[in-house]
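One structure below.
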Number of protein chains: 2
Amino acid sequence: MNNSIPKINLQVNQNLYLKNPESSELGKKIITGSIDLIDEIGFDSFTFRKLGVQIQSPEASIYRYFESKQKLLLYLNSWYWNWMEYRLIFSLANIESPTKRLEKAILLLTEEISEDSDFSHINEVKLNRIVISESQKAYLTKDVDQENKIGAFSVQKQLVETISKIILEINPSYKYPHMLVSTIIEGAHLQRFFAEHLPKLTDVSDSCDAITDFYNELIFKAIK
Amino acid sequence: MNNSIPKINLQVNQNLYLKNPESSELGKKIITGSIDLIDEIGFDSFTFRKLGVQIQSPEASIYRYFESKQKLLLYLNSWYWNWMEYRLIFSLANIESPTKRLEKAILLLTEEISEDSDFSHINEVKLNRIVISESQKAYLTKDVDQENKIGAFSVQKQLVETISKIILEINPSYKYPHMLVSTIIEGAHLQRFFAEHLPKLTDVSDSCDAITDFYNELIFKAIK
DNA sequence: GCAAAAATGATAGTAATACTATTATTTTTG
DNA sequence: CAAAAATAATAGTATTACTATCATTTTTGC
């Protein structure tokens with residue numbers, strides 16, 4: 001990811017918004033502002049009223065883009081995984097060996113995101129932090145089946161499928177490729193959260209990236 | 001777990017309640033009622049007012065036991081992991097072989113809980129469903145460091161430590177025992193959630209228990 | 001068996017939240 | 001440049017997450 005990449009719009013599932021926030025200045029301000037604000041105060045304290053103050057637009061205008069703050073969170077989550085898949089495709093291009101492909105995928109899913117790619121009006125470092133601490137709230141709801149029906153999680157499912165296929169290339173008889181991949185995807189985020197807030201649940205070492213190393217070992221041993 | 005077990009009170013961290021709910025009839029009704037209600041409508045829609053209606057006591061009385069619904073969730077979570085540890089100790093008693101001990105621990109952490117043990121006024125089947133879908137909301141908060149400081153997660157930490165030690169008995173040079181155990185603990189619950197709501201993220205098979213099998217294989221290969 | 005203390009019930013109230021509605025003003029576009 | 005679309009400004013509502021007060025019931029220590 002570097003400056004040579006043209007500004008591409010990642011398409012997010014239309015059911016997650018009332019009006020595409022990419023289609024106007026106000027829409028982009030809503031996205032940029034909500035990422036800033038959620039990162040700062042957390043999703044629980046985040047309200048459209050506070051966002052309105054932050055971006056200097058009335059609360060009612062925000063409701064014309066998003067039905068609710070839940071839907072906005074689903075949008076951000078969806079954008080993030082879309083971005084991940086884009087990065088994955090990019091990073092796997094022209095690599096033949098399935099083992100190398102899997103290694104690259106694991107790195108992408110588990111590494112810390114510490115640089116904003118300037119890819120768009122979206123700050124990926126902040127968004128990554130939000131996905132780590134808040135995205136589970138997007139599906140751990142009584143509405144999950146409804147949300148699933150409208151395609152809110154299709155990007156994650158797609159990503160899990162893509163990486164599962166690489167695993168099956170390496171070992172066609174491995175029984176649990178999807179479980180293994182979804183374990184990494186959610187687990188890696190959780191481990192980052194634990195490393196920061198509940199270190200007794202992890203084995204953090206300042207030196208190298210323990211999380212990437214842990215998952216690399218885990219996965220390659222599992223599918224051998 | 002069977003009827004021969006005497007009714008024991010599991011002690012929950014005192015910082016999580018204002019008044020011990022085990023100490024009175026109303027307190028127990030609050031716990032039983034909140035488990036029923038959260039299981040039914042979900043934690044997001046759950047309010048102390050609704051709970052008051054359910055147990056026929058005024059909202060204000062509930063606030064004398066719990067400062068907020070967040071604290072109540074922390075209490076339930078803490079009770080659950082306390083119960084798990086109790087079961088673990090029970091299940092490992094008199095077993096020498098660390099491999100067998102680990103196998104038993106994995107089973108306990110990953111199996112489906114489908115029978116209420118009649119161990120107390122708490123319905124463990126419902127509580128297990130609540131912990132699966134809601135417990136992450138107890139720590140994925142801006143308040144997590146504060147909550148951690150008052151000991152809200154000490155039971156989970158204890159459990160992770162106990163099982164990590166078994167792993168180190170089997171392989172003293174394994175680098176990531178805590179990460180491995182916390183990966184199981186949180187991952188197993190998540191996989192159960194996925195199996196029910198987002199099956200494309202798993203490899204469900206009706207026959208045997210895929211989740212237990214998956215983690216068994218994963219862990220023993222990882223530490224070999 | 002009874003007074004004091006503690007717990008609970010009944011009721012009310014408040015600031016904030018998660019929206020919806022209406023009308024005025026600005027901006028865009030054919 | 002008029003019509004349409006988008007946004008701003010303002011107001012309003014039901015619900016939530018509490019806190020406060022006082023009356024009533026239950027528990028307890030003697």
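We name chains A, B, ... by the order of the sequence lines, and we start the count at 1 in each one. Because the structure is predicted, anything quoted here is derived from the model rather than measured.
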Please list residues of residues 21-40 of chain A whose heavy atoms come under 4.0 Å from any atom in DNA chain D, ordered by number; otherwise none.
-> Ser24(A), Leu26(A)

CA sep, side-chain torsions, deciding dist, call: Glu124(B), Glu115(B), side-chain contact (heavy atoms from CB on, under 4.5 Å) | CA-CA 7 Å; Glu124(B) 288 103 11; Glu115(B) 260 180 63; over 6 Å; no

Within residues 136-150 of chain A, the residues having a heavy atom closer than 4.0 Å to DNA chain D are none

Gln136(B) side chain reached by Leu190(B) side chain, heavy atoms, under 4.5 Å = yes

Judged by atom type as modelled, is there a donor-acceptor pair below 3.5 Å linking the side chain of Thr202(A) to the main-chain atoms of Pro199(A)?
-> yes

Specify the angle, to 10°, made by the local axes at the two ends of the helix from dG1(C)-dC30(D) to dG30(C)-dC1(D) when five pairs are taken at each end.
-> 30°

Rounded to the Å, how far apart are Phe48(B) CZ and dT19(D) P?
-> 11 Å

Once the angle between the rings of His189(B) and Tyr80(B) is folded into 0 to 90°, is it parallel (under 30°), tilted (30 to 60°) or perpendicular (over 60°)?
-> tilted

Please check if any side-chain donor atom of Ser154(A) sits under 3.5 Å from a side-chain acceptor atom of Gln158(A), or the reverse.
-> no

Has the side chain of Asn13(B) got a donor or acceptor atom that lies under 3.5 Å from a matching backbone atom of Ile150(B)?
-> yes

Output the single nucleotide from dA6(D), dA7(C), dA18(C) whose closest atom is nearest the side chain of Lys19(B).
-> dA7(C)

Without swapping roles, check the side chain of Lys69(A) against the backbone of Phe43(A) for a donor-acceptor pair under 3.5 Å.
-> yes

Looking just at side-chain N and O atoms, do Asn148(B) and Lys157(B) make a donor-acceptor pair shorter than 3.5 Å?
-> yes

Going through the checks in order, is the side-chain contact (heavy atoms from CB on, under 4.5 Å) test met by Ile211(B) and Arg192(B)?
-> CA-CA 8 Å; Ile211(B) 295 176; Arg192(B) 291 230 171 267; 3.6 Å; yes

Which residues in residues 50-73 of chain A have at least one heavy atom lying under 4.0 Å from any atom of DNA chain C?
-> Lys50(A), Glu59(A), Ala60(A), Tyr63(A), Glu67(A), Ser68(A), Lys69(A)

Rounded interatomic separation in angstrom, taking CG from Asp44(B) and P from dA18(C) = 11 Å

Annotated protein contacts, base or backbone, on nucleotides 24-30 of chain C with a non-hydrogen cut-off under 4.0 Å, one of B, S, - each | -------

When you check the side-chain N and O atoms of Thr183(A) and Tyr176(A), is any donor under 3.5 Å from an acceptor?
-> no

How close or far is atom P of dG12(D) from atom CZ of Arg49(A), stated in whole angstroms?
-> 13 Å

When the distance from CD1 of Ile41(A) to P of dA16(C) is rounded to whole Å, what number comes out?
-> 14 Å

Which is it for Glu22(A) and His121(A) under the side-chain contact (heavy atoms from CB on, under 4.5 Å) test, yes or no, and what are the steps along the way?
-> CA-CA 10 Å; Glu22(A) 299 280 349; His121(A) 54 291; 3.2 Å; yes

Among residues two or more places apart or on two chains, list those pairs meeting salt bridge (charged side-chain N to carboxylate O under 4.0 Å, His left out) that have a residue in residues 39-64 of chain A.
-> Asp39(A)-Arg129(A), Asp44(A)-Lys137(A), Arg49(A)-Glu59(A)

Does one side chain, of Lys149(B) or Asn15(B), offer a donor that lies under 3.5 Å from an acceptor on the other?
-> no

Aromatic plane relationship, His197(A) with Phe193(A) - under 30° parallel, 30 to 60° tilted, over 60° perpendicular | tilted

Could you label the plane-to-plane angle of the Phe194(A) and Tyr139(B) rings as parallel, tilted or perpendicular, counting under 30° as parallel and over 60° as perpendicular?
-> tilted

